[in-house]
Amino acid sequence: MSFSCKFSGFEKLTESLSEKILRAELAKQIVKRNGAEMHEKAQRFAPVDTGTLKRSISLDIVDGGRTAIVRGDNVEYGVYQEYGTRYQSGTPFVGPAFKEQVGKFKEDMRGILK
């Protein structure tokens with residue numbers, strides 16, 4: 001009595017995994033590029049008196065390159081500039097940078113999913 005078993009499809013599996021790895025790397029590049037562009041926009045939109053707020057805006061790439069964080073609260077008054085207080089209206093800089101960048105980010109991500 002003879003028994004045999006054959007497995008096939010490893011080529012397709014390897015091809016599919018390679019494609020997913022390539023897309024993941026492209027996604028990380030898109031996150032990094034769009035994060036850098038948003039960072040630059042936030043600095044450009046920041047109100048300038050001494051320039052401290054503008055210089056304090058930071059960009060962090062975390063989660064293995066899957067997340068970009070642009071922070072404008074590295075000085076104690078950054079949040080007041082962004083949102084205002086009960087005594088003065090804010091001069092938003094991170095929010096407008098995000099609103100301007102989000103469409104491009106979505107478009108770039110759609111491009112790698114086609």
**Q** Using a 6.0 Å cut-off, check whether atom CZ of F45 has over 12 heavy atoms from anything other than its own residue.
**A**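 Correct, the count exceeds 12.
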**Q** Write down the atom of A42, the atom of I57, and the distance for their closest heavy-atom approach.
**A**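 Answer, listing the atom of A42 first, then I57: O-CD1, 3.6 Å.
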**Q** Hey, are the side chains of F93 and P47 touching, using non-hydrogen atoms and a 4.5 Å cut-off?
**A**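 Contact flag for F93/P47 side chains = yes.
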**Q** Assigning hydrophobic clusters by single linkage (Ile, Leu, Val, Met, Phe, Trp, Tyr; side-chain heavy-atom cutoff under 4.5 Å), is V79 placed with V70?
**A**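 Linked within one cluster.
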**Q** Residues two or more places apart in sequence or in another chain: which of them pass side chain to side chain donor-acceptor pair (under 3.5 Å) with E19?
**A**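 Only R23 meet the side chain to side chain donor-acceptor pair (under 3.5 Å) criterion with E19.
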**Q** Kindly write out the residues that satisfy salt bridge (charged side-chain N to carboxylate O under 4.0 Å, His left out) with K54, not counting sequence neighbours, or none if the list is empty.
**A**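 Partners of K54 under the salt bridge (charged side-chain N to carboxylate O under 4.0 Å, His left out) test: none.
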**Q** What closest approach, in Å, do L53 and G72 show between heavy atoms, and which atom pair accounts for it?
**A**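 Shortest heavy-atom contact: CD1-O, 3.8 Å.
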**Q** Taking salt bridge (charged side-chain N to carboxylate O under 4.0 Å, His left out) as the cut-off, I'd like each qualifying pair that reaches into residues 27-39, sequence neighbours left out, listed once.
**A**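 For residues 27-39, and leaving out neighbouring residues, the salt bridge (charged side-chain N to carboxylate O under 4.0 Å, His left out) pairs sorted by first residue read E25-K28, R33-D108, E37-K104.
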**Q** Other hydrophobic cluster members with L26, side-chain heavy atoms of Ile/Leu/Val/Met/Phe/Trp/Tyr under 4.5 Å, chained?
**A**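 L26 shares its hydrophobic cluster with L22, I30, V31, F105, M109, I112, L113.
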**Q** Using the side chain to side chain donor-acceptor pair (under 3.5 Å) criterion, which residues pair with E82? Sequence neighbours excluded.
**A**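 Side chain to side chain donor-acceptor pair (under 3.5 Å) check on E82 returns nothing, list empty.
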**Q** Going by atom type alone, with no hydrogens or angles, which donor-acceptor pairs under 3.5 Å involve a side-chain atom of residues 59-69 and a protein atom two or more places apart or on another chain?
**A**
residue: D63; atom: OD2; partner: T67; partner atom: OG1; Å: 2.7
residue: R66; atom: NE; partner: D63; partner atom: O; Å: 3.4

**Q** Tell me, please, which residues at least two apart from T50 pass side chain to side chain donor-acceptor pair (under 3.5 Å).
**A**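 Applying side chain to side chain donor-acceptor pair (under 3.5 Å) to T50 gives T52.
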**Q** Surrounding OH of Y77 (heavy atoms of other residues, nucleotides or ligands, distance under 6.0 Å), is the total greater than 12?
**A**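 Buried by this count: over 12 neighbours within 6.0 Å.
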**Q** Could you list the residues that satisfy side chain to side chain donor-acceptor pair (under 3.5 Å) with K99, not counting sequence neighbours?
**A**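 Side chain to side chain donor-acceptor pair (under 3.5 Å) list for K99, sorted by chain: empty.
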**Q** Run the salt bridge (charged side-chain N to carboxylate O under 4.0 Å, His left out) test against R71 and tell me which residues pass, sequence neighbours left out.
**A**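 Result, salt bridge (charged side-chain N to carboxylate O under 4.0 Å, His left out) vs R71: D73.
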